[in-house]
2 protein chains.
Amino acid sequence: MARFFIFGANYPQGGTVILSGEDAEHARVLRLRVGEEIVISDGAGRDFNCTVRGFTGAGVEAEVNGIARNTAEPSVAVTVVAGLPKQAERAEYTVQKCTECGATKLLFYRSHRCVADPGQRSIEKKLARWQRIAEEAAKQSGRGMVPEVAYSSDFGAALEAGRKTALPLFLYETGERAPLREVLEAEAPGAGSAAILTGPEGGFEPYEAELARRLGFRVCAMGPRILRCETAPVAALAALMYATGNLS
Amino acid sequence: MARFFIFGANYPQGGTVILSGEDAEHARVLRLRVGEEIVISDGAGRDFNCTVRGFTGAGVEAEVNGIARNTAEPSVAVTVVAGLPKQAERAEYTVQKCTECGATKLLFYRSHRCVADPGQRSIEKKLARWQRIAEEAAKQSGRGMVPEVAYSSDFGAALEAGRKTALPLFLYETGERAPLREVLEAEAPGAGSAAILTGPEGGFEPYEAELARRLGFRVCAMGPRILRCETAPVAALAALMYATGNLS
């Protein structure tokens with residue numbers, strides 16, 4: 001069923017909703033017909049189940065049949081903190097897949113081995129594009145919210161974003177590490193929040209891992225296979241969702 | 001460390017290896033230097049640890065220092081059986097990510113709701129490209145083998161490929177399903193082989209799911225979030241690797 005987000009929306013049952021602007025355009029692309037059922041999410045976990053009533057100059061008119069809590073949101077709020085990839089498509093892929101897999105927030109950061117170094121104007125464009133990709137993926141996967149996508153040129157800010165969660169995970173491909181499974185089996189059940197911190201193409205400097213460890217991150221291994229920078233967050237997120245009972 | 005595959009290779013310790021053709025080209029791209037260490041895999045789980053000795057007209061000359069069993073192969077041989085996506089990049093993505101995550105074989109198939117319908121010549125080109133992508137991903141992730149990528153225009157063949165494994169999983173987004181986690185916790189530990197069968201963009205016909213069920217597939221749910229056809233195999237594979245202790 002077609003989904004739309006109208007952030008902060010609050011419609012009464014029987015009330016009328018107007019999809020305008022990009023939403024109306026999207027409705028045209030989807031070839032919505034009168035009588036068709038759609039869902040409008042308020043972006044805060046509430047779904048308005050609607051029926052398309054007509055098309056006016058103002059946009060698509062829909063009537064609210066019922067209001068329900070969205071059931072697709074996971075029990076754990078996961079912040080994915082990923083080293084900014086050099087290739088744009090890798091970052092976009094990370095946003096799309098992590099949104100589908102249930103991430104609540106994404107933060108790209110720069111660290112010592114990051115090759116990418118976008119200027120201010122470039123990053124503003126990227127952020128707008130990433131946010132659009134997150135919204136599309138949230139619609140398509142039936143999410144009740146759209147993950148916020150952010151960027152920081154500062155590795156410290158990335159650590160801080162993770163440190164504030166109940167289960168900060170640092171995925172490290174070398175050095176002293178605990179098996180991800182051990183950590184998740186012990187700590188994931190019942191965790192209300194978590195962070196998955198992964199590196200850029202070039203990986204981490206040892207001091208970056210040590211910093212994370214001292215800040216309380218669980219430094220984890222994800223097996224002997226080296227995952228690309230855009231693959232590791234998705235694999236770790238799927239494992240975390242599995243371990244917290246959100247993949248069943 | 002740079003990795004190469006020379007299938008069926010069998011070099012004695014102290015012996016000399018010549019990387020020629022595409023491997024020599026790849027070595028040039030990687031700017032290999034004399035004295036640099038490389039790994040040459042025989043594609044059957046055996047790694048030849050080598051040192052670059054020189055560059056000749058024949059290619060790159062390397063000396064075998066030692067022979068070791070590759071440690072990156074998972075304990076479970078997973079066949080990923082995926083509905084052929086409409087968009088080429090989605091299929092390529094599936095091949096690359098599933099190879100990184102440890103799949104042993106990939107089979108794309110056509111089913112009732114498949115939109116893609118490649119001709120014979122087109123599929124031969126695709127298979128060659130998919131196999132190249134699998135080899136690149138296998139090198140990059142440190143695999144000891146290159147997953148075989150195959151295609152069948154017949155859904156029955158897809159079911160047969162899965163049915164022959166110890167744990168055939170059918171990922172279904174509607175109807176009667178068991179939670180993936182329940183199935184994996186009960187059956188994954190110790191399983192020597194498994195299959196992950198996922199649908200095309202349009203999903204499955206109910207009779208396709210019923211067919212799979214009757215053939216012994218475990219019809220599973222992967223949570224309330226609808227995953228795209230190229231995301232589901234990777235998420236399921238990560239969960240399966242986690243459940244079998246291959247993600248730690």
Side-chain angles (χ1 to χ4, degrees), chain A residues 1 3 70-75 89-90 93 96-103 136-144 171 173 177-185 188 201 220-248, chain B residues 1 3 70-75 89-90 93 96-103 136-144 171 173 177-185 188 201 220-248:
Chain A
M1 200 180 309
R3 292 182 66 88
N70 176 283
T71 55
E73 288 305 312
S75 63
E89 63 180 30
R90 292 185 180 181
Y93 164 79
Q96 183 184 63
K97 299 314 175 203
C98 290
T99 298
E100 288 177 66
C101 291
E136 279 317 306
K139 285 177 183 173
Q140 169 271 324
S141 55
R143 296 285 306 271
L171 280 307
E173 54 195 55
R177 307 164 296 169
L180 178 64
R181 188 180 179 183
E182 257 177 37
V183 173
L184 291 184
E185 280 181 352
E201 281 94 344
C220 299
M222 252 204 307
R225 290 167 295 286
I226 310 288
L227 301 179
R228 290 160 62 117
C229 66
E230 77 275 21
T231 312
V234 180
L237 184 56
L240 177 56
M241 288 298 170
Y242 178 87
T244 52
N246 288 291
L247 208 66
S248 44
Chain B
M1 198 180 310
R3 293 182 66 88
N70 176 283
T71 55
E73 287 305 313
S75 63
E89 65 181 29
R90 293 186 179 180
Y93 163 79
Q96 182 183 64
K97 300 316 176 200
C98 290
T99 298
E100 289 177 65
C101 291
E136 279 317 305
K139 285 177 182 172
Q140 170 271 324
S141 56
R143 298 284 306 269
L171 280 308
E173 55 195 58
R177 309 165 295 168
L180 178 64
R181 188 180 180 185
E182 256 177 39
V183 173
L184 291 184
E185 281 182 350
E201 282 94 345
C220 298
M222 253 204 308
R225 289 167 296 285
I226 309 288
L227 301 179
R228 289 160 63 116
C229 65
E230 77 275 21
T231 312
V234 180
L237 184 56
L240 177 56
M241 288 298 171
Y242 178 86
T244 52
N246 288 292
L247 209 65
S248 44

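The sequence lines fix the lettering, A, B, ..., with proteins before strands; numbering per chain opens at 1. Just so you know, these numbers use all the heavy atoms, side chains as well, and skip hydrogens, waters and symmetry mates.
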(message) Tell me whether the rings of A/Tyr93 and B/Tyr93 are parallel (<30°), tilted (30 to 60°) or perpendicular (>60°).
(response)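 Taking B/Tyr93 first and then A/Tyr93, their aromatic rings sit tilted (interplane angle of 30° to 60°).
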
Taking every non-hydrogen pair under 4.5 Å, which of [options] racks up the most with chain A?
options                                : answer
B/Arg143, B/Glu230, B/Gln96            : B/Gln96
B/Ala137, B/Ala221, B/Cys220, B/Ser141 : B/Ser141
B/Val234, B/Leu227, B/Val183, B/Asn246 : B/Leu227

Heavy-atom proximity to chain B below 4.5 Å, by part of [X]:
X        : value
A/Ala72  : both
A/Glu73  : backbone
A/Ala236 : neither
A/Arg181 : both

(request) Report the residues that fulfil salt bridge (Lys or Arg N to Asp or Glu O under 4.0 Å) with B/Arg225, sequence neighbours left out, ordered by chain and then residue number. (result)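 For B/Arg225 there are no salt bridge (Lys or Arg N to Asp or Glu O under 4.0 Å) partners, ignoring immediate neighbours.
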
(request) Can you tell which part of B/Glu185 gets under 4.5 Å to a heavy atom of chain A, answering side chain, backbone, both or neither? (result)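 Backbone plus side chain of B/Glu185, per the 4.5 Å heavy-atom cut-off to chain A.
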
(request) Against chain A, label B/Leu237 side chain, backbone, both or neither, depending on which of its atoms sit under 4.5 Å from a heavy atom there. (result)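 Contact with chain A is absent: no heavy atom of B/Leu237 under 4.5 Å.
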
(request) Mind checking side chain to side chain donor-acceptor pair (under 3.5 Å) for B/Glu173 and listing every partner two or more places apart, or none if nothing turns up? (result)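 For B/Glu173, no residue satisfies side chain to side chain donor-acceptor pair (under 3.5 Å) once neighbours in sequence are set aside.
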
(request) Give a yes or no on whether the backbone of B/Arg228 and the side-chain of A/Glu100 come within a donor-acceptor separation of less than 3.5 Å. (result)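 Present.
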
(request) Rounded to the nearest 0.5 Å, what's the gap from CZ on A/Arg3 to CD1 on B/Ile226? Could you check? (result)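 Those atoms lie 9.5 Å apart.
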
(request) Mind checking the CE-CG spacing from B/Met241 to A/Leu180? Nearest 0.5 Å is all I need. (result)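 With rounding to 0.5 Å, CE (B/Met241) is 14.5 Å from CG (A/Leu180).
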
(request) Give the minimum heavy-atom separation between B/Thr71 and A/Pro224, together with the two atoms involved. (result)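 Where B/Thr71 meets A/Pro224 most closely, the heavy atoms are O-CG, 3.5 Å.
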
